[in-house]
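Shown next, in structure tokens, is the structure this report addresses.
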Amino acid sequence: MTDFPAALPAAPVTPTTPTTHMSPTTLLAHATGVALVMSTAVSVTFMLPIIAKTTFDATPTVTWLLTAPPVTLFVLSIFWNSIFQRI
């Protein structure tokens, strides 16, 4: 049987409090990143059924299957927190 080494001491944790502020550069980089990621995600969600219909001659059922799940999951995400707390 192998003996495992002792656990390393925990690194000190500096909690972020409301009095701790991000630098303007960090805030700008974060806001830019969020805008780029979200705009790409929304564009893909919007364009996917159109591309499937025009390029691949998708049936209405396939178009519906591409359109309905994101909207359904967006609505369900409102309630996920309370569902997870009950589980």
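Nothing fancy with the numbering, it's 1 onward along the sequence.
- When hydrophobic residues (I, L, V, M, F, W, Y) are linked wherever their side-chain heavy atoms come within less than 4.5 Å, the members clustered with V62 are L48, L66.
- Under a hydrophobic clustering in which Ile, Leu, Val, Met, Phe, Trp and Tyr are joined whenever their side-chain heavy atoms come within less than 4.5 Å, directly or via other members, F74 and W80 fall into different clusters.
- For T26, the side chain to side chain donor-acceptor pair (under 3.5 Å) partners are S23, not counting sequence neighbours.
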Atom pairs and distances, donor-acceptor, side-chain atoms in residues 32-41, under 3.5 Å, two or more places apart:
residue : atom : partner : partner atom : Å
T32     : OG1  : L28     : O            : 2.8
S39     : OG   : A35     : O            : 2.9
S39     : OG   : L36     : O            : 3.0
T40     : OG1  : L36     : O            : 2.8

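- Placement of I78 and L76 within a single hydrophobic cluster is found when ILVMFWY residues are connected by side-chain heavy-atom separations under 4.5 Å, directly or transitively.
- Identified under the side chain to side chain donor-acceptor pair (under 3.5 Å) test for residues 44-58, with sequence neighbours left out: none.
- The shortest distance between side-chain heavy atoms of F46 and T67 does not fall below 4.5 Å.
- Think of L65 as one node in a network of Ile, Leu, Val, Met, Phe, Trp and Tyr side chains linked at under 4.5 Å; its network also takes in W64.
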